[in-house]
Amino acid sequence: MAAAATLSRLVRLRLYSISRNNGLLFNRVQRRGIAACIDPSVGLSDEQREFQKVAFDFAANEMAPHMAHWDQNEIFPVETMRKAAQLGFGGTCVHPDVGGSGLSRLDASVVFEALSTGCASTTAYMSIHNMCAWMIDTFGNNEQRGKYCPDLCSMEKFASYCLTEPGSGSDAASLLTSAKLQGDLYVLNGSKAFISGGGDTDVYVVMCRTGGKGPKGISCLVVEKGTPGLSFGKKEKKVGWNSQPTRAVIFEDCKVPVANRLGIEGQGFNIAMKGLNGGRINIASCSVGAAQACIQLTRDHMHVRKQFGEPLSNSQFLQFKLAEMATRLVASRLMVRQAALALQEDRPDAVPLCSMAKLFATDECFTICNQALQMHGGYGYLKDYAVQQFVRDIRVHQILEAPSTTLLGGRGAEPVSRLQE
């Protein structure tokens with residue numbers, strides 16, 4: 001009996017401690033205002049705050065009003081993205097001499113986070129397009145950079161990243177798409193799966209096998225739309241990401257000039273992984289932006305929605321939930337920005353930090369958006385309310401560019417578990 005009584009007291013103390021800590025957290029959040037606590041401009045330079053404001057304004061005025069329409073009608077908003085490119089968002093990390101903005105990895109993260117508050121699906125495609133432009137700028141020769149980068153940075157042309165295959169997703173080094181050298185041409189055969197923009201875009205950055213098995217046998221080719229032998233599968237029907245088309249990309253004796261190869265033969269896997277390091281930061285940033293939007297929508301909903309004669313904002317339970325959501329958001333943002341700085345500085349810990357940021361932020365921000373839907377009640381399940389679309393659009397962020405399970409311990413994705421080595 002004494003032991004049971006002691007245990008009961010400990011449980012009550014623990015519950016009191018949890019409640020007290022949550023209460024203290026929410027009181028601090030409430031005193032400052034939740035908007036101040038989750039302010040995405042904290043810690044940024046004046047210059048970064050300026051282009052962050054430009055991105056937020058563009059998201060609010062050019063993207064958010066059309067987000068639901070693009071989703072429901074599966075519209076690829078080409079003209080809106082070209083407007084974004086006029087602000088410098090088509091080639092954020094590309095050098096200025098070929099039309100890019102020359103921003104840092106942290107700068108780009110700030111931009112994509114802000115844009116994602118207006119439409120996570122469209123911004124996610126833009127982040128992939130930017131990754132392709134960066135790969136050509138970084139690994140291409142001067143002729144390739146001059147040929148492709150200006151049109152990609154202006155978004156007169158759009159790009160797709162082609163790594164995943166029907167039989168090789170996370171195990172990218174086992175890809176089977178082949179490129180046989182015949183004179184000054186490569187002849188491609190094979191297919192790529194789940195390609196964002198597939199069929200609607202103009203430039204395909206393709207990982208293919210030019211040598212033996214494993215990563216050292218992979219090269220990277222730029223394939224242009226209209227090349228004989230290049231075709232596309234049906235447009236996929238997806239849960240989210242409906243403002244960007246997704247198709248299989250198919251190569252049947254597709255002849256590509258050797259001059260379209262980025263880097264040397266056998267460098268393709270390295271190019272693909274370096275692209276994904278930045279891609280993971282950008283996708284994580286899109287998740288952070290969606291979570292920011294969902295918290296703000298939920299805060300506003302709690303003030304106007306009444307139950308039992310008072311607004312939801314008076315509910316201590318929901319106050320605690322909102323405080324927890326804010327905590328997850330700020331932690332995610334800090335981790336993503338730390339990884340962006342590490343990658344920009346080419347630090348030895350950059351790759352695992354990128355994986356950690358992608359793992360943590362995409363998981364936590366989905367939890368935030370899902371909780372926001374729950375706190376909207378039945379309204380959150382209606383397509384008239386934006387939270388449901390944010391939930392659908394960022395769910396895939398936990399899958400693409402290495403699923404969470406792969407980042408923790410899988411092969412081929414620089415798993416977080418290697419930190420023990």
Side-chain angles (χ1 to χ4, degrees), residues 34-35 38 40 56-77 80 112-126 196 235-246 283 286-326 328-329 332 361-400:
I34 195 166
I38 62 173
F56 271 127
D57 288 346
F58 186 86
N61 297 321
E62 301 290 341
M63 299 175 79
H66 310 292
M67 182 176 84
H69 177 67
W70 295 339
D71 172 67
Q72 292 172 24
N73 295 280
E74 299 186 1
I75 294 171
F76 192 41
T80 299
F112 291 124
E113 178 188 331
L115 291 177
S116 193
T117 61
C119 180
S121 169
T122 304
T123 306
Y125 168 74
M126 291 177 63
S196 294
K235 185 177 178 181
E236 304 288 359
K237 303 296 289 185
K238 307 188 299 291
V239 171
W241 267 27
N242 290 317
S243 70
Q244 50 170 293
T246 301
I283 283 295
C286 291
S287 290
V288 173
Q292 172 89 22
C294 281
I295 288 179
Q296 292 171 331
L297 289 169
T298 303
R299 174 202 61 194
D300 295 344
H301 179 75
M302 287 172 62
H303 284 300
V304 299
R305 174 66 168 159
K306 290 185 177 181
Q307 286 291 277
F308 306 106
E310 57 183 345
L312 295 181
S313 56
N314 288 354
S315 165
Q316 188 179 56
F317 175 78
L318 295 180
Q319 291 170 1
F320 287 175
K321 284 295 182 183
L322 200 63
E324 290 173 356
M325 291 158 69
R328 293 175 190 270
L329 173 65
S332 297
T362 58
D363 283 354
E364 293 299 314
C365 290
F366 178 77
T367 299
I368 292 169
C369 294
N370 197 40
Q371 182 61 46
L373 189 155
Q374 184 72 26
M375 291 166 70
H376 275 71
Y379 292 102
Y381 206 63
L382 300 180
K383 288 196 173 181
D384 293 334
Y385 287 73
V387 287
Q388 53 77 31
Q389 186 173 335
F390 282 117
V391 170
R392 289 186 291 109
D393 282 342
I394 74 163
R395 178 60 182 86
V396 74
H397 295 187
Q398 296 170 281
I399 299 172
L400 56 86

Got a second to check how far [X]'s [atom1] is from [Y]'s [atom2], nearest 0.5 Å?
X      : Y      : atom1 : atom2 : result
Ser315 : Arg305 : OG    : CZ    : 13.0 Å
Met63  : Thr122 : CE    : OG1   : 5.0 Å
Asn242 : Asp393 : CG    : CG    : 7.0 Å

Write down the atom of [X], the atom of [Y], and the distance for their closest heavy-atom approach.
X      : Y      : value
Ala386 : Met67  : CB-CE, 3.7 Å
Ser196 : Tyr125 : O-CE1, 4.1 Å
Gln388 : Gly380 : CB-O, 3.2 Å
Val387 : Cys294 : CG1-SG, 4.1 Å
Leu115 : Ala59  : O-CB, 3.7 Å
Thr298 : Ala372 : OG1-CB, 3.1 Å

Heavy-atom side-chain contact between [X] and [Y] under 4.5 Å:
X      : Y      : result
His66  : Pro77  : no
Thr80  : Phe58  : yes
Asp363 : Gln398 : yes
Val396 : Val239 : no
His301 : Leu312 : yes
His303 : Pro311 : no
His397 : Trp241 : yes

Residues two or more places apart in sequence or in another chain: which of them pass ring pair (Phe, Tyr, Trp, His ring centres under 6.0 Å) with Tyr381?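 Not a single residue meets the ring pair (Phe, Tyr, Trp, His ring centres under 6.0 Å) criterion with Tyr381.
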Only pairs at least two apart or in different chains count here, so list each salt bridge (Lys or Arg N to Asp or Glu O under 4.0 Å) that has a residue in residues 370-382.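 Not a single pair qualifies under salt bridge (Lys or Arg N to Asp or Glu O under 4.0 Å).
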Scan residues 60-75 for pairs that pass salt bridge (Lys or Arg N to Asp or Glu O under 4.0 Å), counting only residues two or more places apart or in two chains.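 Residue pairs with at least one partner in residues 60-75: Glu62-Lys83, Asp71-Arg392, Glu74-Lys235, Glu74-Lys237.
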Pair Trp70-Ser121, side-chain contact (heavy atoms from CB on, under 4.5 Å): steps then yes or no: CA-CA 9 Å; Trp70 295 339; Ser121 169; over 6 Å; no
Taking it one step at a time, do Ile38 and Ile295 satisfy side-chain contact (heavy atoms from CB on, under 4.5 Å)? CA-CA 9 Å; Ile38 62 173; Ile295 288 179; 3.8 Å; yes
Is there a donor-acceptor contact under 3.5 Å linking the side chains of Ser116 and Thr123?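 Side chains of Ser116 and Thr123: no pair found under 3.5 Å.
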Do the side-chain N and O atoms of Thr362 and Ser287 include a donor-acceptor pair separated by under 3.5 angstrom?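 No, Ser287 and Thr362 have no side-chain donor paired with an acceptor closer than 3.5 Å.
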With side-chain contact (heavy atoms from CB on, under 4.5 Å) as the criterion, how do Gln292 and Leu329 come out once you've worked through the C-alpha distance, each side chain's angles and the decisive distance to 0.1 Å? CA-CA 7 Å; Gln292 172 89 22; Leu329 173 65; 3.3 Å; yes
Can any side-chain N or O of [X] pair as donor or acceptor with the backbone N or O of [Y] at less than 3.5 Å?
X      : Y      : value
Asn370 : Phe366 : no
Thr117 : Ala114 : yes
Glu236 : Pro245 : no

Taking everything shown except Gln296 itself, do over 12 heavy atoms lie less than 6.0 Å from its CD?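 Check passes, neighbour count above 12.
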For the side chain to side chain contact (heavy atoms under 4.5 Å, CB included) test, which of Arg328, His376, Met325 pairs with Gln371?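 The single option meeting the side chain to side chain contact (heavy atoms under 4.5 Å, CB included) with Gln371 is Met325.
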